[in-house]
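In what follows, a single structure is set out as structure tokens and then discussed.
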Number of protein chains: 2
Amino acid sequence: MSLRHALLAMLDAGAMTGYELAKTFDQSANRVWHATHPQIYTELRKLEREKLVAAREEPRGPQGKATKRAYTLTEAGYEELSRWVSTVEEPTLPRDATYLKATYFEYASPDIVREQFATHLAYHTEQLRRWEWHVEQLRSRGTDLMQRRLAEAPESRHAAIVAYKVHVYEGMAERARAEVAWAERGLALVDRLEQD
Amino acid sequence: MSLRHALLAMLDAGAMTGYELAKTFDQSANRVWHATHPQIYTELRKLEREKLVAAREEPRGPQGKATKRAYTLTEAGYEELSRWVSTVEEPTLPRDATYLKATYFEYASPDIVREQFATHLAYHTEQLRRWEWHVEQLRSRGTDLMQRRLAEAPESRHAAIVAYKVHVYEGMAERARAEVAWAERGLALVDRLEQD
DNA sequence: TGTTACATGTAAGTCGTTACATGATTAC
DNA sequence: GTAATCATGTAACGACTTACATGTAACA
């Protein structure tokens, strides 16, 4: 049940609409927890009913025919976020389809295996680039979210706020590096097996 | 929908009961895909209805009052397994509650943060030990499952069968090492932040 | 006699995906 | 005018979790 906490956490940096949250989830800094837009809209309505967030309907465009709903954390929402952060999380049990499939690669042709490793390599190379970019942004405190967050916190906490996020994103970058290396060793392995 | 393929893959090494499959999933070599026992029993019945596996009811114990159901792959099941292995898997989108939580560790006390990193460290140290053990077992071809699998395959494929599994388990070991290192750096970080 | 392991399920509920559906606004 | 983006949802289905439920067999 971490989706709600991911949402609460992002709203802690300031008001956002469901649309913005979906964007932030999928392409930007918070690619640690994946969620689709129907899930996000549904959960936001649920959080609103539980009074953990409050919605403000805003007109959109000059005519204001369209509206959007900007959500903010309530006091109760903030407390729930703090409570959650202060409980120890059990490690996630693995469920990795690529690794599972790779266990049985002897049933596939070398070309398919190469394609699988190449896809893995391309994906995680791109991810690595993203994470490294985010670490850089964080260190120079360049992201919007970080600016907003720091503005609302006392200066004495600034170091910790940045440091933990850098630690997470560096961890994600390390993971991506491990996947890139794994895929490269995999490609070398196919070649070796084919030569025999 | 990888649970079914995980089951088909394990049955490829020979007949097994739901109970044995659940054990194998959770504590032994195939800890790449997690599943609970109700899920496994349900999916096996479904696979049976779809004729991808066949069940043989066997008596258990000397009186044979109790029974167990041993499942084997059918020809169609084997074909489905081959088909699946030959399709390229899209990378899994991340959903990691520990990393998500760590992003907001500034809201937790240093002791809670230490406890979280220590839990992470202990878990992945244990996992690393397991994966390294499995790699050793595989290399010496010592596991039951591997013996059965090799017995049914032509000798020319033996190298590939072992090599791909070693590659996967080494990848899992590398991942565990990365998590151990991440948790250790995390513990050092808390200390540093507390000193300032 | 009691505990652990073996063995198999059902049922209720939550979480997550995919497809469907709608309409305004912006930029070309 | 038309395409992309902004913006918000519903509905159906499938995957997964947790609690409940039952009984045999082996071992001390």
Side-chain angles (χ1 to χ4, degrees), chain A residues 1-7 15-28 31-50 53 55-71 84 89-97 100, chain B residues 1-8 15-28 32-50 53 55-71 84 89-97 100:
Chain A
M1 235 224 315
S2 283
L3 171 60
R4 56 172 43 214
H5 298 113
L7 292 169
M16 269 201 250
T17 67
Y19 189 84
E20 286 169 329
L21 285 162
K23 288 277 129 150
T24 311
F25 263 60
D26 247 27
Q27 29 154 290
S28 130
R31 220 184 195 316
V32 175
W33 193 272
H34 165 76
T36 57
H37 84 263
Q39 224 190 330
I40 290 169
Y41 285 117
T42 309
E43 190 65 31
L44 282 171
R45 289 287 181 164
K46 212 169 145 195
L47 288 168
E48 197 186 351
R49 284 200 300 279
E50 293 173 36
V53 303
R56 190 174 65 239
E57 223 157 284
E58 286 173 6
R60 194 160 64 83
Q63 283 90 31
K65 282 188 186 171
T67 54
K68 59 180 179 181
R69 296 169 63 80
Y71 292 91
W84 174 72
E89 196 69 35
E90 288 304 307
T92 316
L93 295 164
R95 214 171 258 147
D96 190 307
L100 175 62
Chain B
M1 235 220 318
S2 284
L3 171 60
R4 56 173 44 215
H5 298 112
L7 292 169
L8 293 175
M16 269 200 251
T17 66
Y19 189 85
E20 286 168 330
L21 285 161
K23 288 276 129 145
T24 311
F25 263 61
D26 245 27
Q27 28 156 289
S28 131
V32 174
W33 192 272
H34 165 76
T36 58
H37 84 265
Q39 224 189 329
I40 291 170
Y41 285 117
T42 308
E43 191 65 31
L44 282 171
R45 289 287 179 165
K46 212 170 145 195
L47 287 169
E48 197 187 351
R49 282 200 302 278
E50 294 174 36
V53 302
R56 191 173 64 239
E57 223 155 284
E58 286 173 6
R60 194 159 64 82
Q63 284 91 31
K65 282 188 186 172
T67 54
K68 59 179 177 180
R69 296 170 62 81
Y71 291 91
W84 174 71
E89 196 69 33
E90 289 303 308
T92 315
L93 295 163
R95 213 172 259 145
D96 189 307
L100 175 62

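Sequence lines set the chain letters: A, B, ... in the order given, protein chains first and strands last, and positions in each chain run from 1. Note that the coordinates shown come from a computational prediction; the quantities given were computed from them, not determined experimentally.
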If the cut-off is 4.0 Å, is Lys23(A) near the phosphate of dC6(D), judged by side-chain N/O to OP1 or OP2?
yes

For Leu93(A) and dC16(D), give me the distance from atom CG to atom P, rounded to whole Å.
12 Å

Nearest-neighbour nucleotide for the Trp33(A) side chain, dT25(C), dT8(C), dG16(C) considered:
dG16(C)

Closest to side chain of Gln39(B), choosing from dA15(D), dC6(C), dT17(C):
dA15(D)

Salt-bridge criterion met for Glu58(B) and Arg60(B) (N-O under 4.0 Å):
no

d(CD, Glu48(A); P, dT8(D)) in whole Å
12 Å

Closest nucleotide of DNA chain C for His37(A) versus for Ser2(A): which of these residues is on the 5' side?
Ser2(A)

Have a look at Arg60(B) and say if it touches a base, only the backbone sugar-phosphate, or nothing, with a 4.0 Å heavy-atom cut-off.
base

May I ask you to say whether Glu57(B) pairs ionically with Lys68(B), meaning some side-chain N is under 4.0 Å from a carboxylate O?
no

At their closest point, which heavy atom of Glu20(B) faces which heavy atom of Ala15(B), and how far apart are they?
OE1-O, 4.5 Å

Looking only at heavy atoms, which two atoms of Phe25(B) and His34(B) are closest? And how far apart?
CD2-C, 4.3 Å

Among the nucleotides dA11(D), dA24(C), dT17(D), whichever has the atom closest to the side chain of Pro38(A) is dA11(D)

Output the rounded distance in Å from CD (Glu90(B)) to P (dT17(C)).
14 Å

Are any of the side-chain heavy atoms of Val32(B) and Pro94(A) separated by less than 4.5 Å?
no

Is the phosphate of dC15(C) approached by Lys46(A) (side-chain N or O, under 4.0 Å from OP1 or OP2)?
yes

Below 4.0 Å: OP1/OP2 of dT8(D) and any side-chain N or O of Tyr19(A):
no

Separation of Tyr41(B) atom OH from dT8(C) atom P, in whole Å?
4 Å

Please give, in whole Å, the distance from dT8(C) C1' to Arg56(B) CZ?
17 Å

Nearest to side-chain heavy atoms of Arg95(B), which nucleotide of dT17(D), dG16(C), dC6(C)
dG16(C)

Could you say whether Glu20(B) or Ala35(A) is positioned toward the 5' end of DNA chain C, judged by the nucleotide with the nearest heavy atom to each?
Glu20(B)

Starting at CD of Glu58(A) and ending at C1' of dA24(C), how long is that distance when rounded to a whole Å?
16 Å

Atom CD1 of Ile40(B) and atom P of dC16(D) are separated, to the nearest Å, by 11 Å

Of all the choices, dA15(D), dA25(D), dT8(D), which nucleotide is nearest to the side chain of Met1(B) once you look at every atom?
dA15(D)

Between Lys68(A) and Thr42(A), who's closer to the 5' end of DNA chain D by nearest nucleotide?
Lys68(A)

Atom pair distance, as rounded to whole Å: CZ in Phe25(A) and P in dA7(D):
17 Å

